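Since we're looking at a predicted model, the values are computed, not measured. One-based numbering, in listed order, for ligands and for the atoms of each. Along the sequence shown, residues are numbered consecutively beginning with 1.
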Amino acid sequence: MEERKRKQFLLISIISKSLSDIDALKDLRELKALVETYGGEVADLIVQRREMHEKGNYMGKGKIYEAVNLIAQRKIDIIILNATVKTGQIYEMKSTFMISNKFIEVWDRVDLILQIFKMHAHTAEARLQIELAAMRHMGPRIYGMGMVLSKQAGGIGTRGVGETNTELMKRHWQELTKKVQGKLDKLVIVRKQQIDKRSRAGLITISCVGYTNAGKTSLFNLLTKKKKLIADALFVTLDSTVGKLYLPKMHREILVSDTIGFIKNLPTQLIDAFRSTLLEAINANLLLLIIDVADSEMSRKIETVENILSELNLQEKKRIYVFNKIDKVDSIDKVNITLRYQKHPLEFISVKTGEGIDSLLSTIEKELESINHNEEINNIYGL
Ligand SMILES: Nc1nc2c(ncn2[C@@H]2O[C@H](COP(=O)(O)OP(=O)(O)OP(=O)(O)O)[C@@H](O)[C@H]2O)c(=O)[nH]1
Ligand SMILES: [Mg+2]
């Protein structure tokens with residue numbers, strides 16, 4: 001049987017004049033990885049350097065013409081705008097590209113991430129979180145549609161119909177959002193109860209966090225002997241799972257949780273929608289921040305992860321920096337990395353070969369003991 005043709009993507013990236021060529025390229029590389037994770041193929045690329053204006057078109061006239069031609073030539077199915085793009089602009093582009101008489105999807109970066117999320121959502125919680133994130137993201141666009149209707153209605157002498165539509169859509173959207181949020185809140189309560197119960201039982205939890213594809217689930221599986229899905233793709237894990245790990249020196253069992261990966265420019269509405277999944281990390285006693293040491297983007301990704309952790313108010317949470325995939329690099333400048341990130345305990349491991357795992361376990365024990373010790377002191381002084 002003939003293999004189903006992969007969807008053809010045209011990437012359009014408007015780059016601010018202040019962004020360096022190297023940074024622009026890195027951005028595009030990540031966008032390409034997202035398209036491939038979705039299962040699509042990048043057929044072509046349009047890049048334009050210009051400043052974005054609040055009201056202006058996303059791209060200049062010349063580039064729009066270029067895009068229209070490419071759509072026909074390359075048989076494009078979906079256009080991706082490398083940005084979070086305003087409501088009206090997406091609609092404008094959609095109608096511009098209709099000229100070529102074929103319906104073309106126009107997505108921005110968030111749409112693409114949400115589509116990938118959708119593919120990987122296996123639990124009710126993950127599905128609800130995505131639904132909510134999508135509704136929040138689409139919200140303004142629904143008003144945009146209302147605006148278009150309003151203009152059309154005005155043109156044929158039925159002024160007012162459009163406005164009514166906008167209001168209706170807005171109300172409908174608000175009601176739907178509330179409903180999904182309500183369902184999610186119920187799940188959050190259950191999860192919170194579970195977390196409370198564990199902490200009352202004196203169970204210690206550590207949580208794997210980090211950039212997507214760093215190896216969080218791989219390490220989680222190794223530590224807990226579970227068999228969660230691992231793949232060389234972005235956003236494979238969307239929900240959090242908890243497993244057990246026995247620490248021999250402490251003579252105790254602790255819990256390990258695996259979480260959703262982060263990515264640059266993850267919009268706040270996505271982080272907010274995924275808060276219930278991230279509760280495991282928020283409530284953990286210790287974080288394992290997993291880093292792909294073979295990634296040329298390593299330091300930028302660490303920065304991104306730290307920023308998102310701050311948004312979750314986790315900047316003060318104790319963490320171990322776990323540099324994973326050491327088997328993939330010929331040599332690592334451990335001294336330099338240690339100097340750079342000396343604020344935290346560091347470990348160098350390979351989940352693949354097992355190197356460094358014993359040392360990581362010792363550090364986990366050491367850190368947990370110091371947290372325990374501090375908690376005991378706090379308890380004694382009633383803090
Ligand atoms: N060479 C090598 N590859 C690894 C190692 N650890 C993980 N990988 C690979 O890295 C890829 C991503 O691993 P995952 O464990 O799915 O990564 P993740 O951080 O859970 O990713 P998301 O759930 O998508 O955020 C997979 O192809 C793994 O096989 C390692 O130590 N060495
Ligand atoms: Mg994972």
Side-chain angles (χ1 to χ4, degrees), residues 29-39 112-123 125-126 129-130 133 206-243 245 256-266 270-271 273-274 277-278 280-281 284 287-298 300-302 304-306 308-309 312 319-332 334 337 346-361:
R29 223 178 269 146
E30 185 155 277
L31 191 66
K32 187 168 175 262
L34 283 168
V35 169
E36 282 160 6
T37 293
Y38 174 75
L112 177 59
I113 293 175
L114 283 169
Q115 292 293 338
I116 296 169
F117 279 5
K118 252 193 210 161
M119 287 170 22
H120 294 160
H122 302 298
T123 61
E125 187 176 10
Q129 293 182 115
I130 293 156
I206 59 175
S207 188
C208 301
V209 296
Y211 212 81
T212 180
N213 207 39
K216 298 176 293 298
T217 308
S218 303
L219 181 63
F220 169 84
N221 282 349
L222 183 78
L223 296 179
T224 63
K225 302 190 174 55
K226 291 221 173 198
K227 290 194 175 68
K228 273 186 78 177
L229 179 68
I230 297 169
D232 193 8
L234 309 180
F235 301 118
V236 175
T237 312
L238 288 185
D239 36 27
S240 51
T241 312
V242 181
L245 165 69
V256 184
S257 72
D258 179 28
T259 60
I260 182 174
F262 300 154
I263 195 165
K264 196 180 134 202
N265 300 333
L266 193 67
L270 289 196
I271 300 177
F274 275 81
T277 295
L278 290 165
E280 294 289 355
L287 301 178
L288 301 184
L289 201 154
I290 322 294
I291 301 144
D292 179 350
V293 80
D295 190 333
S296 57
E297 292 299 295
M298 185 182 85
R300 178 181 70 81
K301 290 184 177 174
I302 293 177
T304 299
V305 171
E306 285 293 352
I308 295 175
L309 289 176
L312 292 163
R319 65 200 65 169
I320 301 173
Y321 271 28
V322 182
F323 293 90
N324 184 30
K325 308 195 190 180
I326 53 170
D327 61 281
K328 262 180 112 175
V329 287
D330 293 335
S331 66
I332 322 165
K334 285 191 185 172
I337 293 180
L346 313 185
E347 288 296 325
F348 295 89
I349 66 156
S350 162
V351 176
K352 195 173 171 187
T353 65
E355 203 183 331
I357 301 295
D358 285 339
S359 168
L360 171 65
L361 288 173

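- Considering both main-chain and side-chain atoms, Ile230 never comes within under 3.5 Å of ligand 1 through any nitrogen or oxygen pair.
- In summary, the aromatic rings of Phe323 and Phe348 are positioned with their centroids under 6.0 Å apart.
- Among the atoms of Val351, some N or O lies under 3.5 angstrom from an N or O of ligand 1.
- At least one N or O atom of Val236, backbone or side chain, sits closer than 3.5 Å to an N or O atom of ligand 1.
- Considering only residues two or more places apart in sequence or on other chains, Glu36 meets the side-chain contact (heavy atoms from CB on, under 4.5 Å) condition with Lys32.
- Counting only distances under 2.8 Å, and ignoring water, the protein N, O or S atoms around the Mg ion (ligand 2) are Thr217 OG1, Thr237 OG1.
- Taking only nitrogen or oxygen atoms, main chain and side chain alike, Asp258 does not reach within less than 3.5 Å of ligand 1.
- Within the 4.0 Å heavy-atom criterion, neither part of Asp292 lies near ligand 1.
- Listed by atom number, the atoms of ligand 1 under 4.0 Å from Gly261 heavy atoms are 25 (O).
- A cation-pi contact, defined as under 6.0 Å to the ring centre and within 45° of the axis, is absent between Lys226 and Phe220.
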Start with the C-alpha distance between Ile206 and Leu287, add both sets of side-chain angles, then the distance that settles side-chain contact (heavy atoms from CB on, under 4.5 Å), and finish with yes or no. CA-CA 6 Å; Ile206 59 175; Leu287 301 178; over 6 Å; no
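- Between His120 and Val236, the shortest heavy-atom contact is ND1-CA, 3.6 Å.
- Polar contact with ligand 1: absent for Leu234 (N/O pair, distance under 3.5 Å).
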For a side-chain contact (heavy atoms from CB on, under 4.5 Å) check, start with the C-alpha distance between Ile337 and Met298, then their side-chain angles and the critical distance, and finish with the verdict. CA-CA 11 Å; Ile337 293 180; Met298 185 182 85; 4.1 Å; yes
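- A distance of 3.5 Å separates OH of Tyr321 from CD of Glu306, quoted to the nearest 0.5 Å.
- Of the candidates Ile308, Thr304, Ile291, Leu289, Tyr211 forms a side chain to side chain contact (heavy atoms under 4.5 Å, CB included) with just one, namely Thr304.
- Contacts of Asp327 with ligand 1, taken as heavy-atom pairs under 4.0 Å, involve the side chain alone.
- Residues Thr353 and Asp327 bring no donor and acceptor atom of their side chains to less than 3.5 Å of each other.
- Nearest protein heavy-atom contact of atom 10 (O) of ligand 1 is Lys325 NZ, 3.0 Å.
- A heavy-atom separation below 4.0 Å is found between Ala231 and ligand 1.
- Side-chain contact, Thr241 with Lys228: a donor N or O sits under 3.5 Å from an acceptor N or O.
- For Lys328, every heavy-atom contact with ligand 1 shorter than 4.0 Å involves the side chain, none the backbone.
- Taking distance alone, with nitrogen or oxygen atoms compared against 3.5 Å, Asn213 approaches ligand 1 more closely than that limit.
- Across all non-hydrogen atoms, the minimal contact from Thr259 to Ala281 is CG2-CB, 4.2 Å.
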